[in-house]
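Have a look at the structure below, then the notes.
Just the heavy atoms: all of them, side chains too, but no hydrogens, waters or symmetry mates, feed the values below.
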Amino acid sequence: MSVTVTLPDGSNKVLAEGATVYDVAASIGSGLAKAALAGKIDGNAVDLNTLVKEGDQVEIITSKSPEALDILRHSTAHVMAEAMQMVFPGAQIAFGPQTETGFFYDFELDHSASTDDFEAIEAKIAEIVSKDEPFVREIVTRSQAEELFAAQHFKLEHVRELPADAEISVYRHGEFIDLCTGPHLPSAGKIGAFKLMKVAGAYWKGDASREMLQRVYGTAFFTKKDLDTYLFNIEEAEKRDHRKLGRELDIFMMDELAGAGLPLYLPHGARIIRLMQEWLRRELYRRGYEEVITPHIYRAEVWKTSGHYDFYHENMYFFHINEGTEDEPRLSEYAVKPMNCPGHVLLYRNDIHSYRDLPIRYFEFGTVYRHEMSGVVHGLLRARGFTQDDAHVFCRVDQVVDEVVAILDLADIVMKTFGFDYEAEISTRPAKSIGSDEMWEFAESALKEACARRDLAYEINEGDGAFYGPKIDIKVKDAIGRTWQCSTVQVDFNFPERFDLTYRTAENSTERPFMLHRALFGSIERFLGILIEHYAGALPVWLSPIEVRVIPIADRHIEGAQALRARLEAADIRVEVDTDNAPMRVKIAKAQSDKIPYMLVVGDKELADNTVSVRERHEGDLGTQNVDDFIEMMKQYVIR
RNA sequence: GCCAACCUAGCUCAGUUGGUAGAGCAACGCACUCGUAAUGCGUAGGUCAGGGGUUCGAAUCCCCUGGUUGGCUCCA
């Protein structure tokens, strides 16, 4: 008997009797294969003829397939668990999947493992790999599984939670046996290169109330060369880390005296943030937004009305102040705002609104403070104090879709302007929520309709909405492929209700408006952090804190350089002069590492005939230009 | 908040088994006055994150606090 399988190139291949997927793989020049047939076969040395009928389509995965690396890494995780049990006798094993960049395995150990143990563990792994023993799949009954894992309480717990009809498969590798659905490499020798990366803590089943396990991260590749490339890329990514560049380019700093997650902006950083705001403010004014300014602190009553006092208490900064006398104290409680909504809601409530006034769009560059848990702060990307480009749109039911479309439109302009690709997600009603079914249904379909109207593809994030309404999130892809949540559009049923917001209809009745929250940058600081990494610090000219640096060749050219600076400043160009007593090429090198877009070299020649020698940071020497021509060229970078 | 590691000059980092600190860059001074990615010489700079303990002696070992990093959890 023989079967026909389909190979990766689309051609068919007839399998001889008794062939295994690995025979197929070998015959097409690959050492790794996985045959998948309705989930019944995986990449082990299974005799295809026992499982595949004539005419079945069998997919063969070779080491060139995208899935292959996942399989390799998951197999490496097994080998690592095997090694860990030798280095740490009695280790309890939990789960060990592959990840985007490698794999991990969770353990419960008598003594904490640390990176100091990596050498010993890696040596064991290498030893196991060199033995090149096969991974063998077995199907077992539930009672067999319970017996096999009698000494592994996490595995045992997992076996007992498997549904009654589940097929239970285990993989043996040498002495090591693991509960696992597979697939795996044919044998451990296929692991070409591996490296343990770091240790971390992780809760069993991701549940903070369960055991804290030790998670060991590693990565693996088919070849040493691939591993080296990966490690090199990590180094490159570290070079563009916004925390490193933020310090090198004088953008922001942190001081432990100030407190965690509280960045201080140096002049360059402040400049960039103001440029971002200046640009956005113009776009918003053109689209019917009105800028407002609201307090940074409010009496606790505001937060009791909004619900934050109960729901968000542990993330807020509260303080008390004596508004009485020393003898007769009268304590008032205040909190620093963790969001801007209440201010805008109070502004709306200040007046009676007609249906004709809507939509009302209030925006604010609102700095908020959230006491994030100590373990989560991360440079500018997750800070405790940050500024949102926050806006709230109060509108009628018939305006919701149009408003959301307009917001998506603007989000698209923002992302294109800053050079980002993005993806959209719609988050729907969570288990714990307020509002009627009709409201949720209306809001969710309004968001979907808006996306459809803009031809914006989106994923659905089931049950991940806020308790007060559904939302569209826009995630930005940065230069190294990571995604960050930035823009958000949310429908809110909570605030209009709690603050009793109303408007008068054409029939002179009272109606409750819809309230949309929206932010485009999200947090300006987070957006800046992503920008810095995206451009490796070389921000677009229009956002560069210094656009031009004038470089006098010798000391006698400094005076002329200062005169040139004055001319450029008069044309609103952000310019400075390098007056250091250093050779010109040293000044050039300095300007390059400062990522200054344009360097203007001036010496005897230039000063004599009113020209500049222009050097662009990426293009290099552009030759000589008239000063007036250069000023004219720079006009394109003015925000207008 | 949890797990682990880390904190030495402004920055990047050395500092062997405990014997009371070092380099490069930056800064400052002098010389050089230079044509597109780093000129030479010199000077100064540190309660080794802070506090407590062990010890004849602590950057080094132990404890506490703060901060940082990587994860987990969280992210109205």
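Scanning atom types as modelled, no donor and acceptor separated by under 3.5 angstrom connect the side chain of Tyr203(A) and the base of G71(B). Between the side chain of Gln214(A) and the base of G71(B) there is no donor-acceptor pair of N/O atoms closer than 3.5 Å. Side-chain to base pairing of Asn315(A) with C74(B): no donor and acceptor N or O lie closer than 3.5 Å to each other. A donor and an acceptor atom never sit less than 3.5 Å apart when one is taken from the side chain of Arg617(A) and the other from the base of A37(B).
In this structure, the CZ atom of Arg370(A) is 13 Å from the C1' atom of C74(B), given to the nearest Å. Straight-line distance from the CG atom of Asp604(A) to the P atom of G35(B): 11 Å, rounded to whole Å. We find that NZ of Lys198(A) is positioned 6 Å from C1' of G70(B), with the value rounded to whole Å. The separation between Arg210(A) atom CZ and G1(B) atom P is 24 Å, rounded to whole Å. Leu262(A) places its CG atom 15 Å from the P atom of G66(B), with the value rounded to the nearest Å. Atom CD of Glu616(A) and atom P of A37(B) are 14 Å apart (whole Å). Going from atom CZ of Arg382(A) over to atom P of G70(B) covers 13 Å, rounded to whole Å. Glu248(A) has its CD atom 17 Å from the P atom of G10(B), to the nearest Å.
At the heavy-atom level, Gly620(A) lies nowhere under 4.0 Å from the strands shown. Using a 4.0 Å heavy-atom cutoff across all strands shown, Arg243(A) reaches sugar-phosphate atoms only and no base atom. Residue-level contact check: Asp492(A) touches neither bases nor backbone, having no heavy atom under 4.0 Å from any strand. When heavy atoms are screened at a 4.0 angstrom cut-off, Ala260(A) is found touching the sugar-phosphate backbone but no base atom. Contacts of Ser593(A) with the nucleic acid, taken as non-hydrogen atoms under 4.0 Å apart, include base atoms. Among the heavy atoms of the strands lying under 4.0 Å from Tyr217(A) are primed sugar atoms or P, OP1, OP2 only; no base atom is included. Here Met373(A) lies in heavy-atom contact (under 4.0 Å) with a base. Residue contacts shown for Arg215(A) are limited to sugar-phosphate atoms, with no base heavy atom under 4.0 Å away. Contacts of His378(A) with the nucleic acid, taken as non-hydrogen atoms under 4.0 Å apart, involve only primed sugar atoms and P, OP1 or OP2. Within the 4.0 angstrom heavy-atom criterion, no nucleotide atom of any strand lies near Gly465(A). In this structure, Ala554(A) reaches the bases: a heavy-atom distance under 4.0 Å links it to at least one base atom across the strands shown.
Using P as the reference atom, C62(B) and U16(B) are 15 Å apart when rounded to the nearest Å. When the P atom is used for both C13(B) and U20(B), the distance is 26 Å, rounded to whole Å. C61(B) sits 28 Å from G71(B) when the C1' atoms are compared, rounded to a whole Å. Atom P of A5(B) sits at a distance of 33 Å from the matching atom of G24(B), rounded to the whole Å. Rounded to the nearest Å, the gap between the C1' atom of G15(B) and that of A9(B) is 14 Å. Only the P atoms considered, A23(B) is 12 Å distant from A44(B), to the nearest whole Å. Comparing G22(B) with G46(B), their C1' atoms are spaced 11 Å from each other, to the whole Å. Using C1' as the reference atom, U54(B) and C63(B) are 11 Å apart when rounded to the nearest Å.
You'll find the ring centres of Phe363(A) and Phe365(A) inside the 6.0 Å limit.
Nucleotide U20(B): unpaired (no Watson-Crick or G-U wobble partner with both distances less than 3.5 Å). Summarising the base pairing, A5(B) is matched to U68(B) through a Watson-Crick or G-U wobble pair whose two defining distances lie under 3.5 Å. When Watson-Crick and G-U wobble pairs are counted only if both distances are under 3.5 Å, G45(B) pairs with no nucleotide at all. Summarising the base pairing, A37(B) is matched to no nucleotide, lacking a Watson-Crick or G-U wobble pair whose two defining distances lie under 3.5 Å. Pairing for U55(B) is absent, judged as Watson-Crick or G-U wobble with the two contacts each under 3.5 Å. Base-pair partner of C74(B): not found among the strands shown (Watson-Crick or G-U wobble, both distances under 3.5 Å).
Inspection of the Gln592(A) and Arg615(A) side chains reveals an N or O donor paired with an N or O acceptor under 3.5 Å. A donor atom on one side chain and an acceptor atom on the other are found under 3.5 Å apart for Tyr468(A) and Gln490(A). One side chain, Asp492(A) or His517(A), offers a donor N or O that lies under 3.5 Å from an acceptor on the other.
Across all non-hydrogen atoms, the minimal contact from Arg384(A) to Ala260(A) is CD-O, 3.4 Å. For Tyr105(A) against Ala77(A), the heavy-atom pair with the smallest separation is CD1-O, 3.4 Å.
Taking only side-chain atoms of Lys605(A), from C-beta outward, the nucleotide of U33(B), G35(B), C32(B) with the closest atom is G35(B). In this structure, of C3(B), A38(B), G1(B), it is G1(B) that holds the atom nearest to the side chain of Val376(A).
Between the side chain of Arg361(A) and the main chain of Val393(A), no donor-acceptor pair closer than 3.5 Å is present. Of the possible donor and acceptor atoms, none in the side chain of Thr219(A) sits under 3.5 Å from a partner among the backbone N and O of Lys195(A).
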